[in-house]
Amino acid sequence: MYTNPHNIVLTLMNLLNLNEQQINRIVREYQGKRSLTVLEGLRQTLPVEAYPSFEIEPTSGANRWATTRAQRPRFSFACTLTVSNSREKFGVEYLTTLATSLTEIMCSPDNLQMRVLNETKWEPNSGLQDTYILDSLVEDVSYNASRDGTMRVAEFSWFAEIHEPFPDAK
């Protein structure tokens, strides 16, 4: 297990950045000129202008052997979506619409096997190569993780599995 979860977070942040038009189209329906703030790690507090926010925090890693020369670590991440909406009657609609859009992007077959930024791996037949996510998925979403007036929070569980071969010398 030698892939750094920080680089997987950067990869997911990059994916969301590439899809910012789709995401921010929804945000602007509910909050005018705002856009989604994507952050690495969970914050204790955020300024009100940072909402809506999507925070991504590595939570765990588990490993297993794929072959005698490769491991398959699976990294888990907690993702927290927080929205603030002055029109309380649209709070649930806003949160679930934005959460559904993020889930759609994160679960799209086009995005399940992304190149992990800043990571390489050893391939027995071709040497040092880019590292790719072998599999990823949003496992569950809690739409009512927290609510307080116009503030609403949804929590996501997302995983990424990596294939890590080792050189024969190992």
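- Note that CG of Asp130 and CE of Met114 are 14.0 Å apart. Values are rounded to the nearest 0.5 Å.
- Judged by distance alone, the side chain of Gln113 and the main-chain N or O of Leu134 form a donor-acceptor pair under 3.5 Å.
- For the pair Leu39/Ile56, no side-chain contact is recorded, criterion being any heavy-atom separation below 4.5 Å from C-beta on.
- Annotation: the span from His6 atom NE2 to Thr11 atom OG1 amounts to 9.5 Å, rounded to 0.5 Å.
- For the pair Lys121 and His163, the tightest heavy-atom approach, listed with the atom from each and the gap, is CD-O, 3.5 Å.
- The shortest distance between side-chain heavy atoms of Leu95 and Leu81 falls below 4.5 Å.
- The CG atom of Leu112 sits 9.0 Å away from atom CD1 of Ile133, with the distance rounded to the nearest 0.5 Å.
- Looking at Asn17, its side chain never comes within 3.5 Å of a backbone N or O of Met13 through a donor-acceptor pair.
- Between atom CE of residue Met151 and atom OG of residue Ser84 there is a gap of 5.0 Å, rounded to the nearest 0.5 Å.
- With rounding to the nearest 0.5 Å, the separation of CD in Glu161 from CG in Leu137 is 11.5 Å.
- Using a 4.5 Å heavy-atom threshold, the side chains of Phe54 and Thr37 count as separate.
- In this structure, Trp158 and Met106 have side chains that are in contact, with non-hydrogen atoms separated by less than 4.5 Å.
- The closest side-chain donor-acceptor pair between Gln22 and Ser101 falls under 3.5 angstrom.
- Of all heavy-atom pairs between Thr100 and Thr96, the closest is OG1-O, 2.7 Å.
- Between the side chain of Asn19 and the main chain of Leu15, a donor-acceptor pair closer than 3.5 Å is present.
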Test log, rule side chain to side chain donor-acceptor pair (under 3.5 Å), inputs Glu93 and Tyr30: CA-CA 10 Å; Glu93 178 184 325; Tyr30 296 92; 2.6 Å; yes
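- Put simply, the side chain of Asp135 never gets that close to the backbone of Ala160: no donor and acceptor are under 3.5 Å apart.
- Looking at Thr3 and Asn7, their side chains never come closer than 4.5 Å, going by heavy atoms from C-beta outward.
- Put simply, the side chain of Val141 reaches to within 4.5 Å of the side chain of Thr103, judged on heavy atoms.
- Residues Phe75 and Gly61 approach most closely at CD2-CA, 4.1 Å, considering heavy atoms.
- Under a cutoff of 6.0 Å and an axis angle of 45°, Arg74 and Phe159 form a cation-pi pair.
- No hydrogens or angles considered: nothing links the side chains of Tyr2 and Glu119 as a donor-acceptor pair under 3.5 Å.
- By the 4.5 Å heavy-atom criterion applied to side chains, Asn144 and Ser142 are counted as neighbours.
- Classification of Arg64 and Glu164 as a salt-bridged pair fails, no side-chain N sitting under 4.0 Å from a carboxylate O.
- Side-chain N/O atoms of Gln31 and Tyr94 include a donor and acceptor closer than 3.5 Å.
- Contact between Pro5 and Pro58 at its shortest, heavy atoms only, is CB-CB, 4.0 Å.
- Annotation: the span from Asn14 atom CG to Leu18 atom CG amounts to 4.5 Å, rounded to 0.5 Å.
- Considering all non-hydrogen atoms of both residues, Gly41 and Glu55 come closest at O-CB, 3.5 Å.
- Of all non-hydrogen atoms in Pro52 and Val83, the two that sit nearest each other are CB-CG1, 3.9 Å.
- Taking the six-membered ring where the residue is Trp, the centroids of Phe156 and Phe77 are separated by 6.0 Å or more.
- Residues Ile8 and Ile162 meet the side-chain proximity criterion, which asks for heavy atoms closer than 4.5 Å.
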